[in-house]
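Whatever order the structure lists them in is the order used to number ligands and atoms, beginning at 1. Start at 1 with the first residue, then count along the sequence.
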Amino acid sequence: MALIVQKYGGSSVADAEKIKNVARRIAATKEKGNQVVVVVSAMGDTTDDLIKLAYQISSQPDARELDALVSTGELVSSTLLAMALEAIGCEAISLSGAQAGIRTDNAYRQARIVKVDSKRVAKELKAGNVVIVAGFQGITKDMDVTTLGRGASDLSAVALAGSLGAKVCERYTDVAGIYTADPRIVPDAIPLAEISYEEMLELATYGSKAVQPRAIELAELLGVPIRVASSFLNSPGTLIHGGESMEIRNKVRSIAHDLDVAKITVVGVPDRPGIAAALFEPLAKANISVDTIVQNTSINNITDLTFTVAKSQLEKAMTVVEPIAKSIGARECLSDSKLGKVSVIGTGMQNTPGYAARMFRVLSDKRINIQLISTSEIRITCIIEESQVVDAVRALHRAFELDTE
Ligand code: ASP
Ligand code: MG
C-alpha cells in the first residue's frame, strides 16, 4: 500500500462531468490498495472570474478580502469532488487549506507556507477516507485565509506530499506530460519519460506552464518526485525527479518559448557605481519582476542598460523608469513590446562547448535577429521578435534532433 498525492488542475474539474471523471480515476487508485490525498484547483477559469468580479467592485480590493474571496473557488471544487466520490461509493472528505494544516505567513496573494501540520489529513486517511484538499490556500496564525500565488495548487500538493511522506505527487491536467517543445506549435514534439528538477525549473521559468516553478523548487528540496500526466488519458506522462537514471544526458531535452516579453532600454546612462541600484530598486519596490538584464561596455563612461519585463508590466515599468532615467542623466528610454523568448534547455549542455554556436547558426539560417542573449549552465535563451518565435522553435527542435527518440 502506498500513499499517493494527486493534484487535478482547473481544466480537469471544469464541469460536473469532468469532476465525475476525476472521481472515477481517484476511486480506481484507491481500489488498487493505495491511500489517496487529492489537491484540487478551482473549476476552469473560476479564479480569474472572481478576481475580475472584485475589480468591478473596487479598483483596489483589500488583499485580505481578495484572498478570502478567491479561496472559495477551491472550496467549490473540493466539496463537489468529495460528493462525486461518495456518490460512487468511495468514502471521501473535503478539507480547506486551513483544515488540512497549511500554515502560512500573512503575505496575502503570495503567502509562503511556513509549516504543514498534516495530523488531520493523516487521521482521515486512517479512517479510510480519500482526503480532498482545497489547493492554493492556507491560514495564518491569526486564522486569516491566504492564497499562495497563481497556480499554487501545485505547491499545496507538493507540500502535502512532502509532509505526509508520499511516494509520489501525481499532477493531472489536460496535457499528457512534458514535451520536447510545445506540441501545439511543434506537431512532432515527443513527450519525455523523465526530466530532472533543474531542467524542469528552467523549462517552467522560461515558458512552459506545465508546473508552477515554486512547486518544482519545493519538490527538489523535499525530494518529492512529480508525475505530470493527463486526466483524460491513461499514458504514464513524465516523471520529474532527481534520480540518477536520467537517460541521454548529453542531449538538449526541450525547447521552451515565451511570447510575453517586453524590453526597455535606458540609453546614454552614465557609467558609475549605484546606477543599476537606482534603477532596479524602485522597480522591485513596485513589484515588477525584471528578467534578462544586459549592460553594454561603456564608451566615454556612457553605457546603455537593457532589461525585459512581462508585457502586462511594461507600462507600469516605464512610469517607474522614465523619471529615474531623467534624474540620473540618461538620454532616453526606449521600449519594445513585441518580443518573445526561445530557450534551449538540457543538463547535457553543461561543460560541453558548441551548443550556443549551434543555436545561433540555426537562428541565423532562418534570418532571425537575436536581440538579447542570456544563459545559465543548462540553458541558452535568445530574445527575438515575437512573430519569429514559432519559426525559431520549430527550427531548433529539428536542428537539435528532438523529433527522433
Ligand atoms: N486556482 C488558482 C489559480 O488559478 C490556483 C491553481 O490553479 O493552482 O491560480
Ligand atoms: Mg486555476
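A donor-acceptor contact closer than 3.5 angstrom links the side chains of H397 and T180. Looking only at atom types and distance, the side chain of T140 has no donor-acceptor partner in the side chain of T146 under 3.5 Å away.
The closest heavy-atom contact to atom 1 (N) of ligand 1, among the options Q137, R150, E74, comes from E74.
The shortest N or O to N or O distance between K7 and ligand 1 is not below 3.5 Å.
Taking a cut-off of under 4.0 Å to the non-hydrogen atoms of S41, the atoms of ligand 1 that pass are 6 (C), 7 (O), 8 (O).
For G10, the closest heavy-atom approach to ligand 1 does not fall below 4.0 Å. Contact between G151 and ligand 1 is present, with at least one heavy atom of the residue lying under 4.0 Å from the ligand.
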Show the atom names and distances, to 0.1 Å, of all donor-acceptor pairs under 3.5 Å that link a side chain in residues 262-279 to residues at least two apart or in another chain.
unit_1: K263; atom_1: NZ; unit_2: Q371; atom_2: OE1; d: 2.7
unit_1: T265; atom_1: OG1; unit_2: T306; atom_2: OG1; d: 3.2
unit_1: D271; atom_1: OD2; unit_2: S298; atom_2: OG; d: 2.8

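Residue pairs meeting the salt bridge (Lys or Arg N to Asp or Glu O under 4.0 Å) criterion with at least one member in residues 334-361, sequence neighbours excluded: D258-K341, D291-K341, R361-D365.
In this structure, R253 does not pair ionically with E194, as no charged nitrogen and carboxylate oxygen lie closer than 4.0 Å.
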